[in-house]
Asks: 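One structure follows; several queries about it will come next.
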Amino acid sequence: MNTLIFRTVAPYLSALMLLFSVFVLLRGHNEPGGGFIGGLIAVSAFAIYGIACGVSAVRRAMKYHPMSIAASGLLLAVLSVMPSIFLGQSAMTSQWLAVPFLGTVIDLSTPLFFDIGVYLVVVGAISSIALSLEERAD
Amino acid sequence: METLFSMLVGILFAGSIYLLLSRKLVRILLGIAILGNAVNLLIFTAGRLTRDVPPIIPVNNYLPLEATANPLPQALVLTAIVISFSFLAFFLVLGYRAYQELGTDDLLEMRVAEPKEHYEPPLGY
Amino acid sequence: MNEFEEFAASFLYGCVSIALFLLGLTFLMIVYRIIKGPTLPDRIVGLDLLVVVAIGLIATVGVGSSYTLYIDISLALGLVGFLATVAFARFILNRGQAKDFIIMQEVKKSDSLEGPE
Amino acid sequence: MAATKPAIDMTAAMVTEAVPLADWLLVAPILLTMTGGALAIIFRKKPATQPWIAIAVISLVVFSNIALLNHVLTNGVVTMVMGSWPPPFGIAFTADPLGALLALMASIATLCVAVFAMDSIATNERRYGFYPFLLMLLCGVTGAFLTGDIFNLYVWFEVLLISSFGMQILGNEKVQIDGAVKYAVLNLIATTLFLAATGLLYGLVGTLNMADIAIKVQALDGSGPVLGLAALYFLAFAMKAAAFPVNFWLPASYHTPRLVVAAIFAGLLSKVGVYALLRVMVLLMPEGRDWLSSLIGLVAIATMLTGSLGALAQTDIRRLMGYLVIAGIGAMLAGIAVGNEAAISGAIFYAMHSVLIMTALYLLVAFMFQISSTFSLREIGGLYVRSPMGAAIGLVLLLGVAGLPPFSGFWAKLLLVAGALEAGRGWVVAGLLVSGLLSTLAVGRLWIFAFWRGGNEHTVDGIQALPIAGSAEPKEISLTIWLPLVALTGLIVLIGVFPEGMMSVSDYGAKTLLDPSTYIASVFGGTQ
Amino acid sequence: MPLFGVEATFWALLSPFVAAALSPILAKTLKHNASWILAVIPALAFLQFLSFVPGIAEGQTFKASLEWVPTFNVNFSIYLDGLSVLFALLISGIGTLIVLYAGGYLKNHENFGQFLSFLFLFMGAMLGVVVADNIITLFVYWELTSITSFLLIGFDHLRRSSRRSAIQALVVTGGGGLALMAGLLLAGFAGGSFEMSELINSGDVLRESPYYTAIFILVLLGAFTKSAQFPFHFWLPNAMEAPTPVSAYLHSATMVKAGVYLLMRMHPVLGDTELWMTVLPIFGGLTLLVGTILGLRQTDLKLVLAYSTVASLGLLVMLTGTSDPIAIQGAVAYLFAHSLFKGSLFMVVGTVDHEAGTRDLNRVGGLFFAMPITAIAAVLSALSMAGILPLIGFVAKEVLYDGTWHIVNGGLWTAVAVLGNAMMFAMAATVAWKPFFGTKVKTPKQAHEGSILLIAGAVTLAVLGLLAGIFVASVGHQLLSPMTSAVLGIPFDEEMHLIPTYLSPALYLSMTTFALGILVFMYMDKLRALIADALRVIGWGPDKGFDQTLDLIIRFGTTLTQAIQTGSMVTYMRATFSVIALMLFIPMILTGNWPVLEGLGSLYAYEWFITAIVVIGVYAVLTARYRVTAIVLLGIQGFAVALIYLLFGAPDLSFTQFMVETLSVVILALVMTRLNLKPTDARSLRGKVFDISLSVLCGAGISMLLMSVVQLPFDATLSEFFTQYSRSVAHGRNIVNVILVDFRGFDTIGEISVVMVTGLAVLALIRVRPKSNGTSNTEKNR
Amino acid sequence: MNKMVFLMNLLLAAAWGAITGSFSPLNLFFGFILASISLFLIREQIAYREYLQRGGKVVVLAASFFLELVVSSWRVLMIVIRPKIQLRPAIIAVPLTVTEDFEITLLANMVTLTPGTLSVDVSEDRKVLFVHCLDVPSPDETVDGIKNGFERQIMEAFR
Amino acid sequence: MMTAIVSILTGIMLIIGAVFAAGAALGINRLPDVYTRMHAASKAGTLGSGLMVLALGLYSQEWDQFMRAVATLCFILLTAPVSAHLIARAAYVVGYKPCKETEVDALSVIKKTDEHHLQQ
Ligand code: NA
Ligand code: NA
């Protein structure tokens, strides 16, 4: 939709939505949100960007093929299931690591990576669907 | 409350089934979309309803201050929503491709896999 | 709790109830428009408004239940609601340019659209 | 004013004792296939490496499943609860003989298909997912066989279902799309029913862990809506398994995808439905099964008969195979209907056999097509002359599917008939025997038409069999075709001649299903 | 004592399978001479079995067992008594000769190796049938004989008639086998053992079991089909499509007798009852008469022999059915004799066919001088068949007449036996007289005496028939009486004589038989024409019936399949939902467990509004005339559901539902952008009414099921656990999210797999394009 | 890196702080990183643009805008609750002085949110803004209102 | 005390917001064509919701919540006019006519003279 107004607004909106999606992802453990919702918001961002600026712009923006992103998300999720094997625990037993960083303590944990994996899968797979649908139209 | 919602679920199911029984692909796709909602609402209702209180622990506590809504059905429904969304996406594209390839949106006309002219198998030896 | 505070609390409760009632009515009115149409853009406008009102409703529910975290849902809804509108606008544009049968019918009817009631 | 962290009794919150590494075998297939699937997607653009990723991963899965079965046979039912949360709170993976056996068979069949597909799947289809779909299908199937949580079972069902959708449409031909619409819609209804039933079950008993459900359902003693739920579950899984009268999707779709795909469908998918029936109807809701047993028996007989009669009625050999799948499903249902140890054991044995033989049969069809370039029973012929070895394999497989000795299917049928006789279910026996006879007729006809008939003979209705081009050397049949065919056929003969191993596993599996105490003890053993 | 010990029998049983594996290899290098080497294997087996004879004659039995499938009590067990040893001797002995004969008959045949292989497979299976003690093992072998016979009958597979006969045999014998399986299992359960040796000693247990009739019928079905009893007799003459060695071996000497073997084997437990003594003689007698009558009209020598085999099998069944010791001794003797003379005659006919190029009675004649040795073998065997002194056939006939004559009401059976034997006399004469001694006819090929491989078997068997007649006392004591004892289940040892010791009724009956036989032979041509006319008038027989039944089954299957699998998705859906509706209501109706309309609770006004929007939304989607309207309305319905989640404390759910609903609508719109669809719902009014009722029923059913669930108290243990440990152990305040990524993370990992695969599937749907639209082209791709 | 982009980046980081509700240094730093990633994704559309030069004017613009919004909503409300609605709608063309995409967009959006006007389209050559008016007795007056109101303010704020 | 004042303020804002929202809904039902209806939706609707969201932010009495409420409001303000523009433009391009009372239609002149002008 090649309208000046939309084309001008869309990139900023998309950037804002991407930011928001990461926010939703990261705080999902404590407030409503999480990888899936975050991923969907990111997809919405790409969708708006794509509708405004074209599919190829989105593809260039994502750099990697969306399905590769999805697959690496799944890999990350699978990896986050594994660490407990070295501790004689069941699969998916969560591991927590408090990392002090610039005066704040960051909780690095396997559920966090798992959630990021979910996020990537959703972003990759759903944008792949949307993009491939859009492309047929071109 | 749950009884009322059971009726709502029934209505959703009935509506989606009516759509699914249709001849038109688009209506079937709509039926699939509603079916997902129907079953999600069913799970949600089956886990009993609680007004307002989300299952989120306040920042300063280790336990919720009051009885919250049942979190497990919510998690289940979340999973189910995601799955039914994926399926819906697939079905939408499938429907689109079916229309493209088969040139019709009428299921009665989709007879490529099972053509109308049905041969008797060869008899004899 | 002094008298004023008590009043404030019940005032708020009343306001929330009234607001919720009003919003419920609003929904019904919007839905009426969406169902009635008569044109596709009308329905899209309805849907767009519905999302906006839903944002308000979520906020009101948030006030009613004291769960202020609902604000994030409002925000997200604002984001995606926009997406839906964009998609539909695009739909109208594309189908219209493809001379979609229904849209053309609606367009024809819109020629004879009556003025305000 | 942050509240101080309350004192936590960690032993109540988590399983604290060390988990033996061997227990990781329960999740190894899933983690491996997921990794493989993801890698195959990442290497999407390199069609040459994809098969090797898949074959390597599936081989690992086969080894892992062998080790798991061994683990189960030596140590009894094995459970691992994900996240170290005590059951029934965490998701338990529980391998009993039934699950471990079927998981192993599924991985073997998948390995054969993966090898077979190396030549037969076009490069661009490979790029768009044959191997990832195959791996994820195996992931879903294995997950379904090994999970001990009913909702998790639903999730694995969906994984395998969507993978099968992907495989179904590979190639995007008209006929595939048409088949896919029917396949997908009807299967979706089935899984939705499953999900609804699971939601209701949760609402009823408040738990999702299968062992816990078994306990709680037992406590309900058939009261309330338990029977209604059992009926719903039965219907949902019967649809998945393609039981009469909800089997429309199978004949409508199984002949449409690529034959390797049909092979894996026939081998795995309907068996998952049967597995779920065994798990849910026998282990979780024995009252429901008892209550429904006559109905299940009727359904079983009808399924067997529609399957074998349908097989007789086909001209397209792919569709013929589809009906044979249905007939087999009927036989397994018969075992569930009868429900005693022999019959359940028979159903398990049959499921195991069916995984191998149905996969092999579709591969055989692919092999036949390779030589004759036709699927029509009217046109096919002369294959014996072209490939005696192929004819021999064909004979073994076809007689095997009809349940004749000395092939694996015979023992399954024997157990089923024995069980039905023991239980005094004459009608079920009659159904099994008549369907066996009709199947024999169908496969016998197929074999004499395709193999024995000359390449230039006329059928009664005057249609000539397609002459096999040339007469000297048969078309080159590559190793990737022979290897899986011979391997599967070899297994079928091997199990037929030395059935004790499988028989004892099936029997053990049946015992575990009928007396859930070992299953329950395995899940709750650590905490109660 | 046995030659190499009882256990060596296992090797004897295995040896044919080894030979089967060796055959193709040896045949490739040695051509027909491979027979000489391979014949050693069955010969050794023969010796092994022969070594049991003395012991058995003294009343011993031998057992050995290997574990096979202990879980199901299936053992690889063998039981050697008079019955099984005699059969084993016939199988391995005649087998040896047949292997040699095959070398001559199929000389230079390109598939000779394969043929020998099948033959050995059959031999192994047949040996297994008679030696196996375990009934399951027996059954496995039983079915193996069916399969191998299928392969052998269809050996000449490019001929349509061969294929027909092969599948006919497979279906008839295989079908009977299925019944037998049930019968044997039932017998095993009723008798409390799967070992035949134990079963037959448990005597009356089976006869008094409530399952007796069922067992009887099922076992009979197995035996009758295998042994070609009326009305299943038709497959056997058709099986003559097989190469002659096969006919000689399978379809005269061994396999077809498996049914008789089974009846004899089970006689101790199933026999001697009213049912047994009625059914068996009737069917046996009928078979005898039908076989002889049909045999008389044949001009193909092989078919004459085939029908006479049918007749003989009928006779054997009839005799076994009398349960009389003498009659059974007669049956045993006849069985022995028949194997010798019929095997020999088949080989003779095969040799004639091979050397003269035809076996049609009208095209052969006067071959005596061309092939004298064959002729002598033919005459000897025919004499035995005709029951003439001093051959074993004569003794057998005497004993069986003796048996039938003295039993109560035996007159009828005797008459039948006499009639049948007379006609067999005529047939024997036909086979031996015209080809060798009749007027000389020009045959398609210039006839010569057959090679040693061809004549060795026939001569050996013919001579054995003579020797057995002369030394009948010893043969009777060593072989026949032990077998009779085994059949009866009690010791039996009556001395047998070649020359009748007194003018017994049997002798008179023999005289009558000869007289009748000569009469028949004299009027043979007229009789043949008469039978042919009669058959033409009837115009129908079980053989034709087989084809008709087959076609009928296939047509029925086709009709049924077309009726079920209509190809119309609408029908599929209606049927599916009808079943769903039934399954929802049946439990409620049967258990009377209806939900009550209580606990309605109350909703706030705005909750009512939102619920109303869901309902209105759904209704509007149903009635929407235009698809995009429907999509917009769908979105509304979805948003309303999301609001419901929000109002009932599920913000995550609500959040997700909003997102998903929007994206669904977006994708719908994206897809719809490209479709030009007809807007209307093209259902007839009747269809609509049906669909509405169906969907309302389903909806109501689910609704009521849900009601009855939610009206019960709820067990929230799981959620309490999650709530309790969500923050303190799992470090998360949002319990739902903690469930998703930790407590129940494995659901989520499956869920994201679904999402990923969906992405790929959609890509595959859109990106992969069929190479061309023609099916033929694309199918090559498979 | 372009200065403007850096500014934009800072702004987005601040937005992050606002969204997350925490202006701790760590969070702002994190927000900055995220913002750079987001901007990187849309890098093609934002290169070399000049905007946001006069912060103060922006505030004025925003304030007047909010006021207009309230007034505009009030008017709509008043119109729709009239028992009889009498309107003279029109689509008018507003010649544009502003030239930058950003300015045009801002203007168009503000026009939409203010009384009685709604931007329908911008001409291909970016010289005309087409505005739908709910009730215009005189189109020219409305055009002047827009040109002297928001357009002027935008030019002041961003030039 | 503070809480009480905030409560009253919140209540008032909610009521006003709801009234505006209802007005917008009324507007889209009473106004004659899609273009005029859009006026109601994009203005009153946006303000109504914005007020309610702000009310929630205020009610929380927490800085971060309030900031998010403001962010939400900004977002709505940013998107609402764009949505309106897109719908209006699409409707116009496709050919939906404004109601009869629309006397001036500057766009139609342009459209007639330049066929390609509005093409996508
Ligand atoms: Na964990
Ligand atoms: Na909006």
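Proteins get letters first, then strands, A, B, ... in listed order; numbering begins at 1 in each.
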Asks: Could you measure the distance from the CD atom of A/Glu134 to the CD1 atom of E/Ile667? Nearest 0.5 Å is fine.
Replies: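 Output value for this atom pair is 11.0 Å.
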
Asks: A side-chain contact here means heavy atoms from C-beta on lying under 4.5 Å apart; do A/Leu40 and E/Phe658 qualify?
Replies: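 No - every pair of side-chain heavy atoms lies 4.5 Å or more apart.
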
Asks: Provide the closest heavy-atom pair for E/His731 versus A/Asn30 in the form atom of the first, atom of the second, distance.
Replies: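 Closest heavy-atom pair between E/His731 and A/Asn30: O-OD1, 4.2 Å.
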
Asks: Is the shortest heavy-atom distance from the side chain of E/Val762 to the side chain of A/Ser128 under 4.5 Å?
Replies: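 Contact flag for E/Val762/A/Ser128 side chains = no.
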
Asks: Heavy-atom distance under 4.5 Å to chain E: side chain of A/Val78, backbone, both or neither?
Replies: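 It is both, since atoms from each part get that close.
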
Asks: Are A/Phe36 and E/Leu740 side-chain neighbours, meaning at least one heavy-atom pair lies under 4.5 Å?
Replies: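 No - every pair of side-chain heavy atoms lies 4.5 Å or more apart.
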
Asks: Using every non-hydrogen atom in the two residues, find where E/Asp652 and A/Pro32 come nearest and quote the distance to one decimal.
Replies: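 Shortest heavy-atom separation between E/Asp652 and A/Pro32 comes out as OD1-CA, 3.5 Å.
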
Asks: Taking C-beta and beyond as the side chain, do A/Asp115 and E/Asn737 meet within less than 4.5 Å on heavy atoms?
Replies: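 Yes, at least one pair of side-chain atoms sits under 4.5 Å.
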
Asks: What do you reckon, is CZ of E/Phe714 surrounded by more than 12 foreign heavy atoms closer than 6.0 Å?
Replies: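 Atom CZ in E/Phe714 is crowded, with more than 12 foreign heavy atoms closer than 6.0 Å.
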
Asks: Counting heavy-atom pairs closer than 4.5 Å to chain E, which one of A/Val81, A/Val118, A/Val121 comes out on top?
Replies: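 Max contact count across the listed options: A/Val121.
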
Asks: So for A/Ile41, is it side chain, backbone, both, or neither that comes closer than 4.5 Å to the heavy atoms of chain E?
Replies: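 Contact with chain E: backbone and side chain both.
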
Asks: Could you tell me which portion of E/Val666 (side chain, backbone, both or neither) has an atom closer than 4.5 angstrom to a non-hydrogen atom of chain A?
Replies: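 Answer is neither: E/Val666 stays 4.5 Å or more from chain A.
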
Asks: Can you tell which part of E/Phe746 gets under 4.5 Å to a heavy atom of chain A, answering side chain, backbone, both or neither?
Replies: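 For E/Phe746, heavy atoms of backbone and side chain both lie under 4.5 Å from chain A.
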
Asks: In terms of heavy-atom pairs under 4.5 Å, which option from E/Val729, E/Val738, E/Thr662, E/Val671 contacts chain A the most?
Replies: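 Going by pairs under 4.5 Å, I would pick E/Val738.
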
Asks: Minimum heavy-atom separation for E/Met756 to A/Met67, with atom names?
Replies: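 That would be O-CE, 3.3 Å.
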
Asks: Within the structure provided, determine whether E/Thr748 and A/Met92 are in side-chain contact (heavy-atom separation under 4.5 Å).
Replies: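 Counting from C-beta outward, E/Thr748 and A/Met92 never come under 4.5 Å.
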
Asks: Chain A heavy atoms under 4.5 Å from E/Ala730: which part of the residue, side chain, backbone, both or neither?
Replies: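 Just the backbone, heavy atoms under 4.5 Å.
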
Asks: More than 12 foreign heavy atoms under 6.0 Å from CH2 of E/Trp608: is that the case here?
Replies: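 It does not: E/Trp608 CH2 has 12 such atoms or fewer within range.
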
Asks: Give the minimum heavy-atom separation between E/Ile749 and A/Leu74, together with the two atoms involved.
Replies: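 Shortest heavy-atom separation between E/Ile749 and A/Leu74 comes out as O-CD1, 4.4 Å.
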
Asks: Looking at every non-hydrogen atom in both residues, tell me the closest pair between E/Asn734 and A/Gly33 and how far apart they are.
Replies: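 So the two residues come closest at ND2-N, 4.1 Å.
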
Asks: Which heavy-atom pair separates A/Ile37 from E/Met659 by the least distance, and what is that distance?
Replies: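 It is CG2-CG, 4.1 Å.
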
Asks: To the nearest 0.5 Å, what is the distance between CD1 (E/Ile752) and CG (A/Leu120)?
Replies: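 Taking CD1 in E/Ile752 and CG in A/Leu120, the distance rounds to 9.5 Å.
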
